[in-house]
Amino acid sequence: MRKFIDTAKKAGLDGFMLALLSMILLAWLWPAPGMQDSPLHLSTVSTYAVSVIFFFYGLRLSPEKLKAGLVNWRLHVMVHLSTFVLFPVLALAFRSFFQSEEGQVMWLAIFFLTVLPSTVSSSVVMVSIARGNIPAAIFNASISSLIGVFITPLWMGLVLESGSGPSSPGPSGPGHFDLLSVVGKLSMQVLLPVFAGIALNSRWGHFAERHKKYIRYFDQSSILLIVYTSFCESFGEHLFDSLGIKEIVFLGIGMLTLFFGIYFLLTFISGLLHFNREDKVTAVFCGSKKSLVQGAVMSKVLFAGPEAGLMLLPIMLYHALQLIAASIIAQRMAREPEIAEDFVLKK
């Protein structure tokens, strides 16, 4: 059993992933507590918890780290172009394959995944394992989260205003997407707490670093609550009735294909730009990741109502599969750096 647990952890299948699956199962079996009309008001609790998450994130992000990361601008530009341009362009290229009404809704969920920011923690961890440029990874992942507050709603607004989404696509009602309202809500929930944390870094930053283990537990608990309430609404409104095991398996294959497609494209481009090994590692890991935390937060703002759970399905699959694939690749790089450089980081 111990060997099985250790193997699962190395593959990215930790207790948090199992807890996520448990929340979906609980929402299916017992959706009432997470519904909007529930007296427990779990959705409201999760909203405040999100702000606390980003406050602690800012508290651990010193201004010195941000300043130090500004030097390697070519790497930063490449990562953010991958995150916010290459991903959504690929999704737009495959839009014609989703013809039916249900297909268009699923495509919208996939497109939502592609316009999300890069994840912070796992990107830095994978870069560290593979011996990449860790300061650059911290900088890129951090800035990506801040940029996403503006870029993600902008991309979604362009698509939702075209009328290709669900019947109630945005927080302002059917057929209308209020970009300023969405950015304002995300700024209050994400940017304001982050900047408040950065401002207090010199005073309380050491406290956040000393208790980062417990802060991580709080982060994960908050995400579990968001996932539970989102899927409660979706199961309560029977939005998953048309999805079977076959559709979910195909979606998973598509997410894995998307990850490797982006990964090898970034490998090729890094070679053309003559990045050194450390920068190439950072580029391929930071540029191919998507944030489940940001996806959970933004889904509740962008898709007010039962659609939020459906919109989270692709990012949850991508999150799990990216961890497994990236863990295997990073550990191979760590064990065999010469082979990894020839196989993955070849110019």
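Because the structure is predicted, anything quoted here is derived from the model rather than measured.
For the pair Q104 and Q99, the tightest heavy-atom approach, listed with the atom from each and the gap, is CG-O, 4.4 Å. Across S118 and S145, no two heavy atoms sit closer than the pair O-OG, 4.1 Å. The heavy-atom pair separating S202 from A199 by the smallest distance is OG-O, 4.5 Å. Taking both residues in full, the closest heavy atoms of G287 and S82 are given as O-OG, 2.8 Å, listed atom of the first, atom of the second, then distance. Between I151 and F84, the closest heavy-atom pair is CG2-CD2, 3.6 Å. Shortest non-hydrogen contact noted between P153 and L186 is CG-CD1, 3.5 Å.
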Could you go step by step and tell me if L90 and I262 meet the side-chain contact (heavy atoms from CB on, under 4.5 Å) rule? CA-CA 9 Å; L90 284 177; I262 294 290; 3.4 Å; yes
Before giving the answer on side-chain contact (heavy atoms from CB on, under 4.5 Å), spell out for L26 and Y228 the whole-Å C-alpha distance, their side-chain angles and the decisive distance to 0.1 Å. CA-CA 8 Å; L26 181 61; Y228 172 70; 3.7 Å; yes
Dump the intermediate steps for side-chain contact (heavy atoms from CB on, under 4.5 Å) on L25 and W28, then the final yes or no. CA-CA 5 Å; L25 178 61; W28 178 57; 3.7 Å; yes
Full working for side-chain contact (heavy atoms from CB on, under 4.5 Å) between T152 and L116: CA-CA 6 Å; T152 301; L116 287 173; 4.3 Å; yes
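F112 places none of its side-chain heavy atoms less than 4.5 Å from the side chain of L108. Using a 4.5 Å heavy-atom threshold, the side chains of F54 and L191 count as separate. Looking at V183 and S187, their side chains come closer than 4.5 Å, going by heavy atoms from C-beta outward. For the pair V79 and L266, the minimum side-chain heavy-atom distance is 4.5 Å or more. Side-chain contact between W107 and V159 is present, with heavy atoms from C-beta onward closer than 4.5 Å. Looking at M298 and M156, their side chains never come closer than 4.5 Å, going by heavy atoms from C-beta outward. Using a 4.5 Å cut-off on side-chain heavy atoms (C-beta onward), V281 and M126 make no contact. Looking at heavy atoms from C-beta onward, R210 lies in side-chain contact with F207 at the 4.5 angstrom threshold.
The side-chain hydrogen bond (donor to acceptor under 3.5 Å, both in side chains) pairs that include a residue from residues 288-298 are S122-K289, where partners are two or more places apart or lie in different chains.
The closest donor-acceptor contact from the side chain of N201 to the backbone of L59 lies under 3.5 Å. Looking at T282, its side chain does come within 3.5 Å of a backbone N or O of N133 through a donor-acceptor pair. Here the side chain of R131 pairs no donor or acceptor atom with the backbone of R277 at under 3.5 angstrom. Looking at N140, its side chain does come within 3.5 Å of a backbone N or O of A136 through a donor-acceptor pair.
Using a 4.5 Å cut-off between side-chain heavy atoms of Ile, Leu, Val, Met, Phe, Trp and Tyr, with links allowed through other members, L292 and F218 fall into the same hydrophobic cluster. When the side chains of ILVMFWY residues are joined at heavy-atom separations under 4.5 Å, either directly or via intervening members, L251 and F260 end up in a single hydrophobic cluster. Linking ILVMFWY side-chain heavy atoms closer than 4.5 Å, directly or via other members, places F98 and I253 in two distinct hydrophobic clusters. One hydrophobic cluster, built from ILVMFWY side chains closer than 4.5 Å, cannot hold both F56 and Y217; they sit in different ones. Both F264 and F285 are members of a single hydrophobic cluster when ILVMFWY side chains are connected at heavy-atom separations under 4.5 Å.
Taking CD of Q322 as the reference point, atom OG1 of T119 lies at 6.5 Å (rounded to 0.5 Å). Within the model, atoms OG of S51 and CD of Q189 stand 5.5 Å from one another, a figure rounded to the nearest 0.5 Å. The line from CZ of R74 to CG of D279 is 8.5 Å long, rounded to the nearest 0.5 Å. Within the model, atoms CG of L312 and CG of L317 stand 11.0 Å from one another, a figure rounded to the nearest 0.5 Å. If you take CD1 on I269 and CG on L81, they are separated by 9.0 Å, rounding to the nearest 0.5 Å. For the atom pair CG of L258 and OH of Y318, the computed distance is 5.0 Å after rounding to the nearest 0.5 Å.
By the 30° and 60° cut-offs, the orientation of the rings of F111 relative to W155 is perpendicular. Ring pair Y214/H211 is tilted by interplanar angle, where 30° to 60° counts as tilted.
With a 6.0 Å radius and a threshold of 12 heavy atoms from other residues, nucleotides or ligands, I245 has its CD1 atom at or below the threshold.
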